[in-house]
Each structure stands twice: as structure tokens, then as C-alpha cells.
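Okay, structure first, notes after.
Nothing here was measured: the structure is a model prediction, and the numbers come from that model.
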Amino acid sequence: MGFTTPLFALSALLPLIVILYYFFRKKYDPTTVSSTLFWQEVMRETRVSPYIQRLQKNSLLWLQLAALLLCVLALMQPYNKKEVMAEEQVIFIVDTSATVTADATFTKHKAAMQQLIKQMTNNEVTIITTGATPTTVVQRERSAKVLEQQVEALQVSYEREYLEKALAVAQSYVGNSPTAIYIFSDGVDRQLLPMDKDNTRFVVKGSDPKLKNISLRRFVVTTEGEGMLGLVQIVNDSSQDASVPLTITDSKGQQLLHKKIAISSGETVTQTYELARTAYATATIDVQDDYSADNTSSAVVEGETLAISMSPTLHELIIKGMQAVAPAVKVSATPTSESFFVTNQTSALSHGQRILLMGRDDAKLKKVTGKVTTEDDTLFSFATFQDVVVQRVYPPIEGATTIAHVGDAPFIQRTAKGDIVVLIELTATDWAMYADFPLFLWSVQNSLTTKSSALGSFSPNYEAILAVEAGDFDIYQDDSYITSGTAGQPVHMPTKPGVYQLRQGEQVQSFVVQLQPEERILPKGTTFALGEANQAQGKKSAQTFVPLLLVPIILLLVIEWEVQRRRGFTN
């Protein structure tokens, strides 16, 4: 707080004059006497009345002093410096993925946004939420009330953030105006931020970098004879060793397994368990950490599977990898019509079997550079391709949809028939050295060999066309209605992970919404600023208090007038 004209503090002498006036003024009270004999004595007693008594009897004195002091304060023009946004335009990029629920980070981000809105002086504000398809919640809005309501309504979508896409949308709004882009996430790589414009600064608000997390990284089940086999992977990302209680329940909530797993700090434990057959299973670890969303995972139990055969011309690591995830694999150059065939012969795509094409026999490899990136596809629920290097790929299959790239080059494709095409040779990549390789093979054989009434697994908020009979259907979780859809039309999967039921007449089919692998890894929180104005939040604005002082001054004057009127103006 400060004063614009502090010299006007000298005007505080005015109340002293009023006090002196009240001390030394003569006060006369009407007195009735029978004669003038005692007149001098009465006058003497009036002159020597105690000063304090005079002050106590004069409420007008206090009213006048209060009014004068407020006038002196107003003349000094007091003000308070308030931080306001310096840029003409402000953009909020809000991460709504599952990891921002750790340690109530999302709630803290919403409070920070509300505080920033209060600092704004007619700034244009745009709010963008992350996801596979970034959403512009509000664009170039100036009303603080509208912005506060929109921020309060934000919800976690549990979907992977795809921050690059949200940044691309934000860049399209920048133009030539000075812009501050605030990113509310957990951890952001500085290299993702585009620094090609001089009129833009970035402020990243991250989570606490010291969060504790023990993650149920993977949970999958498959049929095994009359029962089923469950695979559980737990990762201890905390700094302390732990004993983790693991519980697996069936579709009726009955316990199938309860076991304590000792896991050291930084360790990964992978175990398989024989379980009783059920429609779907849910695994839960009971731990007290800062991120609870990755402590539970569900899996739909697949039904009868097709036989698997593999071409003998494939690389030996492919054959061994497939045999590791599906022991009943047969190596044969002539598969049966009712089988899943793994080969590198492009001509097999025109046959009736379901095909995993690993490489091509009708084209040559070409050099490529760049990181492996994937689309939002269920094949990559467990295979993340992190750190995988691919040096050469085959040309893409014409008409197939690319679901993974190496740089700009197609890497993995899906045909209209549903076949999977992997456009590499293992000699041109180190993929086989990573655990993601057999997990990818497991995902492929699991999706292409299963004959089941289960609809499978989906990512939160994923838009899918479900393989159901013609007509309308409803989606429930237990007995709670979620949404409706029509066969052949895209429908958005629920946002919250869990097991859901699709009801169509008397038919009920289960499916699972589960976190993507990236959302089961809690990144290290980062908070920083980049750009020309990275040393300050904005500029300081002087907010004067003078208008607030005028109301009590006028009120005191009105009260003073009323007191004087009631006591009489002549006294």
C-alpha cells in the first residue's frame, strides 16, 4: 500500500484546530435564578468545567474529527498495487488427463486459474483442454464471471493429454497480439514448447516433483483350459520399499486372489496367477500413495480363440516371441482357413484368414528417421514404443490406415479387413530388445484370434464404432446409466476407467475402459517460465481507495447534521 500525495498528511492539522476550538470555546447553559445575587458564581462554575467532561458531552466533536481524518486520508490518495496481466491475450491449456488427479493437482490448477482471472484487466482469455481432440472451452472471452464459471466446470477426462495437439491449437490463436500461454499440467518437456514467436511467453504450472507412487502397471487375463491366467505387473516408483497387498475379484465381486507382494524401491515385479473362470476380473493394489487412479485395473476375459500358425520364413525372434505369448503356435507354410496367420508374404492379405503381416516380400526397405508415435488404438494399450529405434521401413500398404509412424513414415497399419501390418524387419530395429515387443504380439493375437461376446478394452473418451447388432443400445456401469448409441455410429467411451455393460434388448456385453499406459506413469512435476516476460507474471496496477472513502465521509456529515439539528443550532 502507498500514497500518491503524502504531503497532504500536513492537512491533519485541521482536526487539531477543531479540538482546540472545543477546549476553549465558551459553553452557556440556560439557568434560572431568583435574583442576580448568585450570577457571578454560576458563570464561574461554567468557565471551570473539566475539559474531558466537555469532550464526553460533545458527540459532534467525534463526528467532525472522524470526517476530517477521512478527508485527510482521501487527500493523500492511498492506493494498493495489484498484479495484473500484461499481455493483451491469455491462453490456458488445461491438462485433463488422469495423472493430474495425483495429490489433487487438478484442483490446485483450477484455484490458480481463478486467481489469475481476478488479476486480469479486460484481457481476452481462451481456455483449451487436452486430449486426442483438443477442445476449446471458451475463446477470447473478457467476462471474468463467465471465465470463472467455465473454469469451475472443468472435469478430468482421464484421457492421454497429447500436449502437442493442444499447443498447435493454441498457436493458431496467437496471431500478432502479445500472448501469455499458461500450461496447467503435471510435467512438461521444455522442448515441446514452440519458441518461434517473440510475442509469446509460456508459463508451465506443474505438480509436486516429489510425489510417491506405486503403480499397477499392467493387468491382463486370458483363458487357460477350464480356468484363466492373469498377468500382473507392479512398479514401485517411490523411494521406499513396500509390501503391496494385491486383490483380484471376479464379475460378482468375489475374491479370486489375495496376496502380498514385496517390492523394492524402483523395482518392477511381474507375476502370473491361475484364476477361476469369470466374465471379467478386477485387480487392485491397496497402497497409500499420491496417485490412486493407477491402483486398479480391469480386464474382460476373452473366450474361445482361433488356432495360430506362422510362416517358417519369419525371423526367429518373431516366432519365439509369438510362441512365448501363445504356446500353441504352429509353424506351417499352409495355414487352415480357420486360423490366425503370421507371415511376411504380402499376398496373404487377400486370403480369408486373419493376418499379422510382419514385413513384406514384395518391396525394399527405405531409411527413416524420427521417434515412434502411435495413434489412440487398443493395440498400444500395453506397448508404448518408448526408446525404440527404427532405421528402415517398408512402403505402406495402399488403402490401409496407419496407426503408428516413425517420423512421418508409416510403421504399423490396419487394413479394412482388420489385418495388422508391421512394415519392418527386426534387423532394422532394436524393438525385439524391449518388453514392449512380446506385449505387442500378445495384443495382436488377443485382438485377432478371439471369438467372444466381450467387446474388448478401450481408452477413456475414445470414439469407437462397436461391433453390435443393428439398432440402439444403452451403456451402463452396474445399474447406473451412462450413455446411448446406435449400431454403426461412433460413440464416445466413458471417461472413468472401469467395467461397463452394453445392453441391447436382452443381450448384455461387457467392455473395459482402462487408462492408457502413459497415464500409469506419474511424471516428475515441472514449473517454469519461458519467453520475453518470463521474469514476471505481468505488470503492477495502482488501485486507489479514494472512492471507498467518499461513502463514509458523506455518511458522517449526514449524521453530524442530524445531531446538530436535534440539539439546536443556537447552542
[X] side chain vs [Y] backbone, donor-acceptor pair below 3.5 Å:
| X | Y | result |
| --- | --- | --- |
| Y462 | T495 | no |
| T135 | V137 | no |
| T126 | R140 | yes |
| R520 | L216 | yes |
| T526 | V188 | yes |

Quiz item: Within 45 degrees of the axis of the six-membered ring of Y476 and under 6.0 Å from its centre: does R503 put its NZ or CZ there?
Solution: yes
Quiz item: Going through the checks in order, is the salt bridge (Lys or Arg N to Asp or Glu O under 4.0 Å) test met by E124 and R142?
Solution: CA-CA 5 Å; E124 293 182 343; R142 295 181 183 271; 3.0 Å; yes
Determine whether the side chains of [X] and [Y] contain a donor N or O and an acceptor N or O closer than 3.5 Å.
| X | Y | result |
| --- | --- | --- |
| S251 | T278 | yes |
| S207 | D186 | no |
| S215 | N213 | no |
| Y394 | E425 | yes |
| S97 | T99 | yes |

Quiz item: Which residue pairs satisfy the ring pair (Phe, Tyr, Trp, His ring centres under 6.0 Å) criterion with at least one member in residues 397-422, sequence neighbours excluded?
Solution: F385-F411, F411-W431
Looking only at heavy atoms, which two atoms of [X] and [Y] are closest? And how far apart?
| X | Y | value |
| --- | --- | --- |
| Q514 | S297 | OE1-OG, 3.8 Å |
| D436 | Q386 | OD2-N, 4.0 Å |
| T249 | Q255 | CG2-CA, 4.1 Å |
| S484 | D474 | OG-OD1, 2.7 Å |
| L154 | M113 | CD1-CE, 4.0 Å |
| A112 | F184 | CB-CE2, 4.0 Å |

Self-check item: side chain to side chain contact (heavy atoms under 4.5 Å, CB included) partner of Q89, the single match among T200, T179, N123, V125
Solution: T179
Other residues, nucleotides and ligands only: do more than 12 of their heavy atoms fall within 6.0 Å of [atom1] on [X]?
| X | atom1 | result |
| --- | --- | --- |
| D362 | CG | yes |
| Q139 | CD | yes |
| K496 | NZ | no |

Out of curiosity, [X] [atom1] to [Y] [atom2], how far, rounded to the nearest 0.5 Å?
| X | Y | atom1 | atom2 | result |
| --- | --- | --- | --- | --- |
| S459 | E518 | OG | CD | 9.0 Å |
| F380 | R160 | CZ | CZ | 10.5 Å |
| S185 | L192 | OG | CG | 10.0 Å |

Exercise. Determine, step by step, whether D208 and K108 satisfy the salt bridge (Lys or Arg N to Asp or Glu O under 4.0 Å) criterion, reporting the C-alpha distance in whole Å, the side-chain angles of both residues, the deciding distance to 0.1 Å, and the verdict.
Key: CA-CA 11 Å; D208 187 340; K108 296 175 183 177; over 6 Å; no
Quiz item: Excluding sequence neighbours, so at least two apart, what forms side-chain contact (heavy atoms from CB on, under 4.5 Å) with Q489?
Solution: T486
Quiz item: Excluding sequence neighbours, so at least two apart, what forms side-chain contact (heavy atoms from CB on, under 4.5 Å) with T96?
Solution: V94, F106, T129, T130, S157
Quiz item: Between D237 and R217, is the closest basic N to carboxylate O distance under 4.0 Å?
Solution: yes
